[in-house]
Engineer: 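Before I ask anything, here is the structure I am working with.
Quick note: numbers below take in every heavy atom, side chains included, and nothing from hydrogens, waters or symmetry partners.
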Amino acid sequence: MVMRMNKTEFINSLEKELSYSREQCLIINEILEHHFFFNQKEKDKIMGELIQRLQIESKEASNVYDRAITILKDEMKYRLRHPFGK
């Protein structure tokens, strides 16, 4: 997913951030892995899948999306600042 952060670490981060079960976080990860770009068009598709597969409302899907993208963006920023770090 991201250079330093592997799938397990990302899923663990989602569990902490969202207080969701591991199974729900695995579904979120799976949905995000199926989308390459994170623009508005893709956001709508991702949110639609989150609503359908997790049986949540639109507002909650938006929250899940925003938190997951924040985790990914923070990791990318870290990698840009520390390209040779762990």
Side-chain angles (χ1 to χ4, degrees):
M1 177 154 272
V2 180
M3 290 180 185
R4 183 178 68 104
M5 182 179 282
N6 64 30
K7 246 188 231 190
T8 305
E9 291 170 337
F10 178 68
I11 292 167
N12 290 340
S13 295
L14 282 175
E15 282 183 273
K16 279 194 261 181
E17 285 282 322
L18 299 171
S19 300
Y20 275 21
S21 70
R22 185 145 192 91
E23 292 77 26
Q24 290 171 312
C25 292
L26 288 169
I27 291 170
I28 294 167
N29 181 63
E30 182 182 320
I31 291 169
L32 291 174
E33 282 184 339
H34 285 92
H35 297 274
F36 185 70
F37 293 107
F38 299 114
N39 56 25
Q40 186 60 43
K41 183 178 177 184
E42 291 296 312
K43 179 180 180 179
D44 295 339
K45 289 180 184 177
I46 292 169
M47 285 184 46
E49 287 184 45
L50 290 170
I51 291 168
Q52 180 184 16
R53 293 191 57 200
L54 296 175
Q55 301 296 313
I56 57 177
E57 295 183 16
S58 178
K59 187 174 181 178
E60 181 65 18
S62 180
N63 182 43
V64 168
Y65 176 86
D66 292 340
R67 289 194 181 199
I69 297 305
T70 299
I71 293 169
L72 293 174
K73 283 182 180 178
D74 289 346
E75 182 61 24
M76 285 187 259
K77 286 179 189 175
Y78 175 83
R79 293 308 298 163
L80 290 172
R81 288 188 194 122
H82 308 286
F84 302 110
K86 180 185 172 201

Engineer: Could you tell me which residues satisfy side-chain contact (heavy atoms from CB on, under 4.5 Å) with Ser21, sequence neighbours excluded, listed by chain and number?
Structural biologist: Glu23, Gln24
Engineer: Is there a side-chain contact between Ile71 and Glu75 in this structure, where contact means two heavy atoms from C-beta onward sitting under 4.5 Å apart?
Structural biologist: no
Engineer: Among residues at least two apart in sequence or on other chains, which ones pass side-chain contact (heavy atoms from CB on, under 4.5 Å) with Glu60?
Structural biologist: Tyr20, Ile56, Asn63, Val64
Engineer: NE2/His34 to CG/Asn29 distance, rounded to the nearest 0.5 angstrom?
Structural biologist: 10.0 Å
Engineer: Find the distance between OH (Tyr65) and CG (Leu32) and round it off to the nearest 0.5 Å.
Structural biologist: 8.0 Å
Engineer: Just by modelled atom types, is the Thr8 backbone N or O under 3.5 Å from a matching donor or acceptor in the Asn12 side chain?
Structural biologist: yes
Engineer: Name all residues meeting the side-chain hydrogen bond (donor to acceptor under 3.5 Å, both in side chains) criterion together with Glu15; count only those two or more places apart in sequence or in a different chain, and write none if there are none.
Structural biologist: Arg22
Engineer: Output yes when a side-chain donor or acceptor of Thr70 lies under 3.5 Å from a complementary backbone atom of Asp66, and no otherwise.
Structural biologist: yes
Engineer: Is Leu18 reachable from Phe10 through a run of hydrophobic residues whose side-chain heavy atoms are each under 4.5 Å from the next?
Structural biologist: yes
Engineer: If hydrophobic residues (ILVMFWY) are linked whenever their side-chain heavy atoms come closer than 4.5 Å, directly or via other members, who joins Ile51 in its cluster?
Structural biologist: none
Engineer: Side-chain polar contacts of residues 36-50 - donor-acceptor pairs under 3.5 angstrom, sequence neighbours left out - could you list them?
Structural biologist:
from  : atom 1 : to    : atom 2 : distance (Å)
Asn39 : OD1    : Lys41 : N      : 3.3
Asn39 : OD1    : Glu42 : N      : 2.9
Gln40 : NE2    : Asp44 : OD1    : 3.1
Glu42 : OE1    : His35 : ND1    : 2.6
Glu49 : OE2    : His35 : NE2    : 2.9

Engineer: Holding to side-chain contact (heavy atoms from CB on, under 4.5 Å), I want the full list of residues that pass it with Arg53, two or more places apart in sequence or in another chain.
Structural biologist: Ile27, Glu30, Ile31
